[in-house]
There are 2 protein chains.
Amino acid sequence: MNIEKKKRLERSGWTVGGAADFLQLSPEEAKFIELKLALAAAVREQREKRGLTQTALAAQLGSSQSRVAKMEAGDHSVSLDLLIRALLTIGAGSADIARWIKRADSTRAA
Amino acid sequence: MNIEKKKRLERSGWTVGGAADFLQLSPEEAKFIELKLALAAAVREQREKRGLTQTALAAQLGSSQSRVAKMEAGDHSVSLDLLIRALLTIGAGSADIARWIKRADSTRAA
DNA sequence: ACTCGCTATGTCCAATATGACATAGTTGTC
DNA sequence: GACAACTATGTCATATTGGACATAGCGAGT
């Protein structure tokens, strides 16, 4: 995991892992976060692709613009559940989601 | 979605959707639940494959046996986050998870 | 520079998820 | 059928997540 990514995580408010060290994440934690970030990116990508504003998506989703913003920012206060629900709401199917998740793997190989 | 599946959902404590009708779920809600069930099944499958007890997995995961049981039962009180964390802990990679998620699609086509 | 439409960030309180525990049920062995 | 090992279910206190709101930032058009 490179420096840029760490910065991104720090900005998003992650204080992962019980270990004292700054951002000393276990392999599982790392994968989990990568996964969330991949889906966060997918949400933004798909939303924009369909020409929706954050507010519009929020409405469809029964949520609020700020939540959507946080989702796309990969904020630590948003769960996988919400990300996936957002993607499903946007119109994605399980296969699409699977694809985006798989993509999280290649990101790892930087 | 067939009757058996509904029964399974009811047993797991789902009272989905705002609509009054009994288990009247929107397509997105349905997909979301299918997805959770697919992962729940994957957890059980993988755990057993590695000869772990629920208690053992719980320990590795920093959780408790009862949570693992609920996970595998597809209880409504367990989040996607936990399911995925469990799978990662068991040793799955993003690609595996993607595969199980994709599998949720075929289930749909009953 | 002002406004407008969109996005970002921070903070609330309510809602939901979590680990822990207790307890019941199941399955296999003797 | 008693015991042991494992799994299922219920409940609770605490922690995390969620929607809402306020407000700040930002780019484009005028």
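Protein chains get the first letters and strands the later ones, always in sequence-line order, with residue 1 at the start of each. Quick caveat: nothing in here was measured; it's all calculated off a predicted structure. FYI, side chains are in, hydrogens and waters are out, and symmetry mates aren't considered; it's all heavy atoms of this structure.
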Measure [atom1]/[X] against [atom2]/[N] and give the value in whole Å, please.
| X | N | atom1 | atom2 | answer |
| --- | --- | --- | --- | --- |
| M71(B) | dA8(D) | CE | P | 12 Å |
| Q54(B) | dC6(D) | CD | C1' | 8 Å |
| D75(A) | dG19(D) | CG | C1' | 14 Å |

Worksheet item: Are R99(A) and E45(A) close enough for a salt bridge, meaning some N to O gap below 4.0 Å?
Response: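 The answer is no: the pair does not qualify as a salt bridge.
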Item to complete: May I ask you to check whether R67(A) and S77(A) show a side-chain donor-acceptor distance below 3.5 Å?
Response: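 Yes, S77(A) and R67(A) have a side-chain donor paired with an acceptor closer than 3.5 Å.
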Practice prompt. Could you list by number each residue of residues 43-50 of chain A showing a heavy-atom separation from DNA chain D of less than 4.0 Å, or answer none if no residue does?
Written response: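 DNA chain D contact set from residues 43-50 of chain A: none.
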Item to complete: May I ask you to decide if L83(B)'s main-chain N or O and K36(B)'s side chain share a donor-acceptor pair within less than 3.5 Å?
Response: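 No.
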Worksheet entry | Whether R50(B) side chain and I90(B) backbone form a donor-acceptor pair below 3.5 Å |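 It does hold such a pair.
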Discussion item. Could you tell me if the side chain of L39(A) sits less than 4.5 Å from the side chain of V43(A), heavy atoms only?
Written reply: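 When only atoms from C-beta onward are counted, L39(A) and V43(A) do not touch, as no gap falls below 4.5 Å.
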Worksheet item: Should R85(A) and E28(B) count as side-chain neighbours, where that means a heavy-atom distance under 4.5 Å?
Response: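 Sidechains of E28(B) and R85(A): no contact.
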Discussion item. Test side-chain contact (heavy atoms from CB on, under 4.5 Å) on D96(B) and L87(B); report intermediate values, then the result.
Written reply: CA-CA 9 Å; D96(B) 302 307; L87(B) 288 169; over 6 Å; no
Discussion item. Quick check: closest heavy atoms across K31(A) and A92(B), and the distance to 0.1 Å?
Written reply: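 For K31(A) versus A92(B), the nearest heavy atoms are NZ-O, 3.7 Å.
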Worksheet item: Which parts of nucleotides 17-27 of chain C does protein reach within less than 4.0 Å, heavy atoms only, written one letter per nucleotide 5' to 3' as B for base, S for sugar-phosphate only and - for none?
Response: SBBBB------
